[in-house]
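These notes concern the structure reproduced below.
Lettering of chains follows the sequences in order, A, B, ..., and the numbering in each one begins at 1.
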There are 2 protein chains.
Amino acid sequence: MARTQGSHSDITGPRIRSAALRLFAQHGYAAVSMRQIAKEVGVQAGALYNYTPDKQSLLHSLMDRHMRELLAAWQVEAGDGDALSQLERFVRFHIRFHMQRPDAVFIAYMELRNLTEENFAAIETLRRAYEYALEAVLKQGVASGQFTIPDTKIATLAVIAMLNGVMTWYRSGGRLSLEEVESVYWDMVRKSVTA
Amino acid sequence: MARTQGSHSDITGPRIRSAALRLFAQHGYAAVSMRQIAKEVGVQAGALYNYTPDKQSLLHSLMDRHMRELLAAWQVEAGDGDALSQLERFVRFHIRFHMQRPDAVFIAYMELRNLTEENFAAIETLRRAYEYALEAVLKQGVASGQFTIPDTKIATLAVIAMLNGVMTWYRSGGRLSLEEVESVYWDMVRKSVTA
DNA sequence: ACGATAACTGAACATTTGTTCAGAAAAAAG
DNA sequence: CTTTTTTCTGAACAAATGTTCAGTTATCGT
């Protein structure tokens with residue numbers, strides 16, 4: 001009978017993914033070789049090809065999973081309420097979620113240019129879906145009169161860019177707790193979209 | 001007698017720099033070979049080594065020049081006036097300056113990890129100097145009571161991150177003129193730092 | 001214990017990499 | 001024109017690249 005599952009594959013597989021994630025984030029996709037990844041896992045380079053058809057697919061797979069987890073997590077977090085409280089929830093969620101996966105975040109927007117055309121398009125679709133989740137909140141706030149925004153598309157991108165900035169400098173154990181950082185950013189975002 | 005200058009070096013040199021800039025921005029430092037750069041210039045790979053001791057120095061040199069031009073340009077643009085008008089000048093300057101050099105901007109913060117330790121430290125110093133130019137304005141505004149900011153360091157980084165977001169989506173000839181984009185961002189920044 | 005299959009090794013492959021260098025070509029200086 | 005110096009070629013180098021695959025090893029179901 002066919003084996004239902006391999007003996008090590010459910011261990012080696014994730015280890016490969018996490019090694020690749022770390023290395024891609026640290027040195028960049030193009031600068032990391034399959035042999036480096038393999039070494040980190042404690043395996044020969046050839047063994048990687050039991051888990052990915054090629055290097056490109058490995059990158060795409062990492063980005064794809066990250067984006068899907070992001071969307072799913074927001075789906076869970078998003079609730080009802082007025083635009084202001086929804087925006088606050090988004091801001092705090094975004095910072096918290098992304099701070100938990102700095103490597104995946106880094107890759108997901110630094111390595112876009114290393115994707116093939118088709119893979120790029122696929123990731124881009126997911127990214128836009130996430131952006132639209134925020135834009136929907138902003139639009140709702142404009143409709144209800146709670147927000148004053150000249151252009152919701154620009155505001156969406158501006159807010160996300162601002163929040164993403166946290167990742168470039170925040171290190172846990174620093175001067176501020178994550179909770180405090182969330183509040184500071186929420187304060188700035190709130191003011192920037194209200195009159 | 002020693003020649004004062006080479007005959008072609010003042011042509012080939014800049015061409016190498018601009019080809020490298022374009023290619024690094026498009027595909028990433030690690031993904032671009034010296035032969036690709038040479039081909040773009042119409043020269044053999046070996047010839048590049050008359051203009052740079054190695055690939056790493058070429059990258060560092062591009063980033064270094066960009067940062068110095070940025071600082072110099074702001075030095076010229078920065079004037080006196082109250083904090084609010086200085087902040088507006090900064091916002092508009094930042095957007096305008098960076099939109100004129102998308103490739104250099106891209107490289108300057110995407111390829112940091114591909115610098116050697118020493119080169120990284122050097123660029124980092126310049127970047128911090130620029131950040132401090134903005135922070136000085138924010139501090140002045142807090143002192144004068146014009147701004148309400150819980151933490152000027154975070155606000156500095158948040159504002160710059162927000163402004164940098166423009167580069168990821170704005171394309172000239174789009175829906176909005178650069179002037180309009182400047183105004184939208186200035187509006188958001190102004191509100192985010194005032195009460 | 002035995003046979004089947006999954007997981008991995010280790011070597012090989014064709015390319016490509018950054019860099020060097022002797023010598024040719026070109027241009028300026030005298 | 002002749003000499004000197006700059007600029008570039010073209011080939012060469014060792015090392016590293018992604019990927020393949022026949023064969024070994026380990027683990028499972030029976």
Could you pull out all donor-acceptor pairs under 3.5 Å where a side-chain atom in residues 71-80 of chain A meets a protein atom, sequence neighbours excluded?
none

### Task
Find the distance L48(B):CG to dT20(C):P and express it as a whole number of Å.
12 Å
### Query
To the nearest Å, how far apart are Q36(A) CD and dA16(D) P?
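It is 10 Å, rounded to the nearest whole Å.
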Can you pull every protein N or O that's under 3.5 Å from an N or O on nucleotides 9-13 of chain C?
residue	atom	partner	partner atom	Å
dT9(C)	OP2	Q44(A)	N	2.6
dA12(C)	N6	R35(A)	NH2	3.4

### Message
Enumerate the ring-ring contact (aromatic ring centres under 6.0 Å, His included) contacts for residues 161-195 of chain A, please, sequence neighbours excluded, ordered by first and then second residue.
### Response
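Pairs touching residues 161-195 of chain A that pass the test: none.
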Return the set of residues passing side chain to side chain donor-acceptor pair (under 3.5 Å) with [X] (not counting sequence neighbours), or none when no residue passes.
X      : result
S61(A) : R17(A)
S57(B) : D54(B)
R89(A) : none

### Message
Taking side-chain contact (heavy atoms from CB on, under 4.5 Å) as the definition, give me every residue that meets it alongside S18(B), ordered by chain and number, with sequence neighbours left out.
### Response
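Result, side-chain contact (heavy atoms from CB on, under 4.5 Å) vs S18(B): none returned.
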### Task
Strictly below 4.0 Å, heavy-atom distances to any atom of DNA chain C: list the hits from residues 17-29 of chain B, or just say none.
none
Which pairs would a plain distance check flag for residues 129-143 of chain A, meaning a side-chain donor or acceptor within less than 3.5 Å of a matching protein atom at least two apart in sequence or in another chain?
residue	atom	partner	partner atom	Å
Y130(A)	OH	H94(A)	ND1	2.7
E135(A)	OE2	T152(A)	OG1	3.1
Q140(A)	OE1	Q86(A)	NE2	3.4

### Spacing of S172(A) atom OG and Q100(A) atom CD [to the nearest 0.5 Å]
11.5 Å
### Message
What's V32(A) touching, base or sugar-phosphate or nothing? Going by heavy atoms closer than 4.0 Å.
### Response
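The answer is sugar-phosphate, as V32(A) gets under 4.0 Å only of primed atoms, P, OP1 or OP2.
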